[in-house]
Protein chains: 2
Amino acid sequence: MVVDVDELNDETVDRLFHALADTTRRDILRRCVRGELSVSRLAEAYPMSFAAVQKHVAVLERAGLVSKQRSGREQLVRTDPDAVGRARQALDELESAWRGRVDRMARLLAEDAGAEEPEDPGHQENDTPEGPRR
Amino acid sequence: MVVDVDELNDETVDRLFHALADTTRRDILRRCVRGELSVSRLAEAYPMSFAAVQKHVAVLERAGLVSKQRSGREQLVRTDPDAVGRARQALDELESAWRGRVDRMARLLAEDAGAEEPEDPGHQENDTPEGPRR
DNA sequence: CACATCTACAACCATTTGGTTGTACGTTAG
DNA sequence: CTAACGTACAACCAAATGGTTGTAGATGTG
């Protein structure tokens, strides 16, 4: 769903996967899919304090997985339908390296190509091996 | 293929996404796709110590994303082609929550149903707060 | 109005994470 | 055999994470 051409930079993907790497947060995502829920309503479902759930929602929000909308004194949380699409895209970019999706693959492989290539879109790499230690 | 009916429990998905939530580790995955690399070879590519890279590889290994195979005095790392498939499956399970229903109508219905403890088809209903631990 | 709710946020604490250095051990090269 | 290499692992450290409690500000309700 209109998720394709975006460039997902490292920080974005970091936040995305980090947000997904917690059972409680994934459960919050599932709950807020079928309808907006207030934070306090959410908090009732988990064996932790309101503040803790608030923090989890904040993590999801910074990752772009949910958004909050004020309604009176409540803050309604709803998951962004395109969000999982972004995570999927990040996986696609990984998977394409060996699943043969040629279009993205070229750029990903170009970063190294077995020898030394000046282009390094993904990661800072020591073209001059300055010695890993120290 | 060969990725379908597996049960992905919470811990597994936690480890999977956590392993993916780091730029260096994702880069290691990409590098080890095109061929096995020894850990020390990998370590040359990053501005950190050998031991640090070793730890990253260990995280990827516990997540099932790579496997190591001894070859002489070297330990060759290669990524598991099915691994990203497992991550994708975890996303599928999230996405199916709102892929399987007509979005806007679902939200309208959910406003109502959500107010009275809806059954939770497809996931562990957490209405009894005993939920995820860490 | 008084009061209960819902939220925001700060301060604090224990554990984990991501990095370091140092040491030990097996394996290959000279 | 000796030396260099590749690895494993322990000990240590700073910072982030995930949780707590407490306080305070808006907002709805009697």
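Letters A, B, ... mirror the listed sequences (proteins, then strands); counts begin at 1. Please read these numbers as outputs of a predicted model, since none were measured by experiment.
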Can you check whether B:C32 reaches B:L60 side chain to side chain, under 4.5 Å on heavy atoms? no
What is the nucleic acid contact for B:R41, judged by heavy atoms within less than 4.0 Å: base, sugar-phosphate only, or nothing? nothing
Separation of C:dT16 atom C1' from B:R15 atom CZ, nearest Å, is 15 Å
For A:A58, check side-chain contact (heavy atoms from CB on, under 4.5 Å) against everything at least two apart and list the hits. none
Distance, rounded to the nearest Å, where B:Q69 contributes CD and D:dT7 contributes C1': 16 Å
How about B:L37 and B:L76: do any of their side-chain heavy atoms sit closer than 4.5 Å? no
Can you tell me how far C1' of D:dT21 sits from CE of A:M48, to the nearest Å? 16 Å
Going by the ring-ring contact (aromatic ring centres under 6.0 Å, His included) test, which pairs reach into residues 7-30 of chain A, not counting sequence neighbours? A:F17-B:F17
For DNA chain C, find the residues of residues 50-68 of chain A with a heavy-atom distance under 4.0 Å and give them by number; none if there aren't any. A:F50, A:A51, A:Q54, A:K55, A:K68
Between A:V13 and A:E93, does a side chain to side chain contact (heavy atoms under 4.5 Å, CB included) hold up when you go through it step by step? CA-CA 11 Å; A:V13 180; A:E93 292 178 5; 5.9 Å; no
Under a 4.5 Å cut-off applied to non-hydrogen side-chain atoms, are B:L29 and B:L20 in contact? yes
Please list all pairs passing the salt bridge (Lys or Arg N to Asp or Glu O under 4.0 Å) test where one or both residues lie in residues 15-26 of chain B, with sequence neighbours left out. A:D10-B:R26, A:D14-B:R26, B:E11-B:R15
So which of residues 70-78 of chain B are in contact with DNA chain D, with a heavy-atom cut-off of under 4.0 Å? B:R70, B:R73, B:E74, B:Q75
Side chain to side chain donor-acceptor pair (under 3.5 Å): which pairs involve residues 58-74 of chain B, sequence neighbours left out? B:S67-B:R78
With a cut-off of less than 4.0 Å, is there a side-chain N or O of A:S49 near OP1 or OP2 of D:dT21? no
Presence of salt bridge, B:D82 and B:R86, under 4.0 angstrom: no
Rounded to whole Å, please give me the gap between CG in A:D14 and P in D:dT17. 11 Å
A:I28 CD1 to D:dG18 C1', straight-line distance once rounded to whole Å: 12 Å
What is the distance, to the nearest angstrom, from the CZ atom on B:R26 to the P atom on C:dG18? 12 Å
